[in-house]
Amino acid sequence: MAKQEYTPTKQMKFTFGLWTVGNVGRDPFGGPTREPLSPAQIVDLLGECEGCYGVNFHDNDLIPIDASPKEADLIKRDFRKALKDNGLVVPMATTNLFGDPVFKDGAFTSNNAKIRAYAIQKTMRAMDLGAEFGAKTYVFWGGREGVETDAAKNPVDAIKRFREAIDFLCDYSIDQGYGYRFAFEAKPNEPRGHIYFAVTGSYLALIPTLKHPIMCGVNPEVAHEHMAGLNFVHQVAAAIEAGKLFHIDLNDQEFGRYDQDFRFGSANLKHAFFLVKLLEDHKYNNPRHFDAHAFRQSDYTDVKAFANGSMRTYMILADKAKKWNADREIQGILKEINVNDAAISSLSKRYSSAGAKKLLAAPLDRVKLATARLPYEKLDQLTMEVLMGVR
Ligand code: GLT
Ligand code: MN
Ligand code: MN
């Protein structure tokens with residue numbers, strides 16, 4: 001593939017959050033290292049990154065929580081103009097239900113009915129704002145929906161409260177004709193507290209119990225599952241298989257650390273490769289959102305390198321996935337290890353009493369079956385060689 005073919009295209013639906021490229025380099029031990037940019041300036045920055053498709057926001061990334069209606073109008077006007085000038089769209093919006101002290105003990109799961117109501121009210125307003133800019137995906141990341149001590153809340157009630165809020169907000173979206181699809185984003189802890197919906201699978205289990213399961217799906221994030229020590233690719237596969245992968249947050253994270261939000265592919269390249277291969281093989285067509293931020297040392301020129309690098313890494317890995325799929329030796333091994341037998345499969349595919357009887361009597365020789373070759377060292381090395389660029 002020629003170098004320029006790694007150039008991202010709009011069809012890839014690569015997006016960034018205002019809070020990602022607009023991140024000012026703060027961490028728990030040190031203040032900002034970059035001057036804040038206005039939402040319109042962030043859009044201009046993304047506009048300079050070829051192939052970028054859109055920008056997402058939390059209500060308060062765009063409009064500060066204490067802005068007057070007049071200030072809000074001005075910000076929106078500038079933001080809308082910047083979107084138009086740069087040809088960017090807003091595919092996703094979300095609510096900040098974590099930053100303000102009112103949410104220190106939870107939002108939808110707070111013990112205080114008034115705070116729960118405020119969280120729903122704030123979300124309705126944020127949904128209005130997202131809809132104003134055309135967002136169709138609405139993300140729920142329950143940053144404070146957990147506890148630092150289990151003495152504080154009843155975890156069963158917390159699930160019920162969360163469901164109640166989501167059912168309400170689904171009806172609100174339907175009532176307003178917004179056409180939102182809700183995407184739930186799991187995370188195991190934030191920052192010290194345990195979050196109730198810890199992994200993507202937690203939400204996949206919740207969704208069928210909701211009032212409007214069809215409009216609800218997930219927004220898995222690489223870093224969040226890696227924080228839990230899990231294989232992200234398997235979580236995403238579960239979401240794809242359930243038809244629930246509405247959105248995805250791409251970034252990177254070392255295992256055993258927390259909240260690094262590194263540039264996609266920069267920490268665990270092999271996992272990133274299998275993730276891209278999974279998404280591309282399954283023709284994933286929803287936004288590919290980079291929920292990461294640049295190093296503390298970066299200036300805004302380097303932030304642009306960060307944004308371009310995120311998209312470029314994805315494009316390169318998509319090319320590697322194509323190479324992997326087209327590699328004759330790799331395909332030969334896949335053929336060898338996938339043993340098909342139509343006759344025996346017809347017995348085990350679907351239950352019938354007669355089929356079960358036949359299967360019980362079938363001559364399946366375990367000692368012989370165990371001798372089949374599984375050359376996975378070879379297969380894995382070939383995979384690594386595709387990745388390392390020598391095949
Ligand atoms: C925050 C979090 C992210 C979520 C964002 C959406 S905010 O940065 O760590 O993973 O996607 O609320
Ligand atoms: Mn995150
Ligand atoms: Mn995220």
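Since this is a predicted model, take the numbers as computed values, not measurements. When a ligand or atom number is given, it counts from 1 through the structure's own listing order. Atoms considered below: every heavy atom in the structure, side chains included; atoms not considered: hydrogens, waters and symmetry mates.
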For atom 9 (O) of ligand 1, closest protein heavy-atom neighbour: Lys187 NZ, 3.3 Å
Glu185 neighbourhood, listing ligand 1 atoms whose heavy-atom distance to it stays under 4.0 Å: 3 (C), 4 (C), 10 (O), 11 (O)
Derivation of the ring pair (Phe, Tyr, Trp, His ring centres under 6.0 Å) call for Tyr314 and Phe290: CA-CA 10 Å; Tyr314 191 102; Phe290 295 104; 7.0 Å; no
Pairing of Arg116 and Glu164 as salt bridge, 4.0 angstrom limit: no
N or O pair under 3.5 Å between Glu190 and ligand 1: no
Shortest reach to atom 5 (C) of ligand 1 by a heavy atom, considering only Met92, His58, His293: His58
Nearest neighbour in protein (non-hydrogen) for atom 1 (C) of ligand 1: Trp141 CZ3, 3.7 Å
Closest non-hydrogen atom pair between Lys122 and Asp59, with its separation: NZ-OD2, 2.8 Å
NZ/NE/NH1/NH2 to OD/OE distance under 4.0 Å, Glu221 and Lys187: no
Atom name of the N, O or S atom in Glu221 that lies nearest to the Mn ion (ligand 2): OE2
Test applied, ring pair (Phe, Tyr, Trp, His ring centres under 6.0 Å); reference residue, Phe140; option that passes from Phe98, Phe182, Phe162: Phe182
Nearest to the Mn ion (ligand 3) - the N/O/S atom of Glu185, by atom name: OE2
Heavy atom of the protein closest to atom 3 (C) of ligand 1 (residue, atom name, distance): Asp291 OD2, 2.9 Å
Parallel, tilted or perpendicular: ring planes of Phe255 versus His271, cut at 30 and 60 degrees: tilted
Atom 8 (O) of ligand 1 [closest protein heavy-atom partner, distance rounded to 0.1 Å]: Trp19 NE1, 3.5 Å
Charged N-O contact under 4.0 Å between Asp85 and Lys81: yes
Mode of Asp249 contact toward ligand 1 - side chain, backbone, both, neither (heavy atoms, under 4.0 Å): side chain
Polar side-chain atom of Asp61 near backbone of His58 as donor-acceptor pair, under 3.5 Å: yes
Subset of ligand 1 atoms that lie under 4.0 Å from at least one heavy atom of His224: 9 (O), 10 (O)
Glu221, any N or O under 3.5 Å of ligand 1 N or O: yes
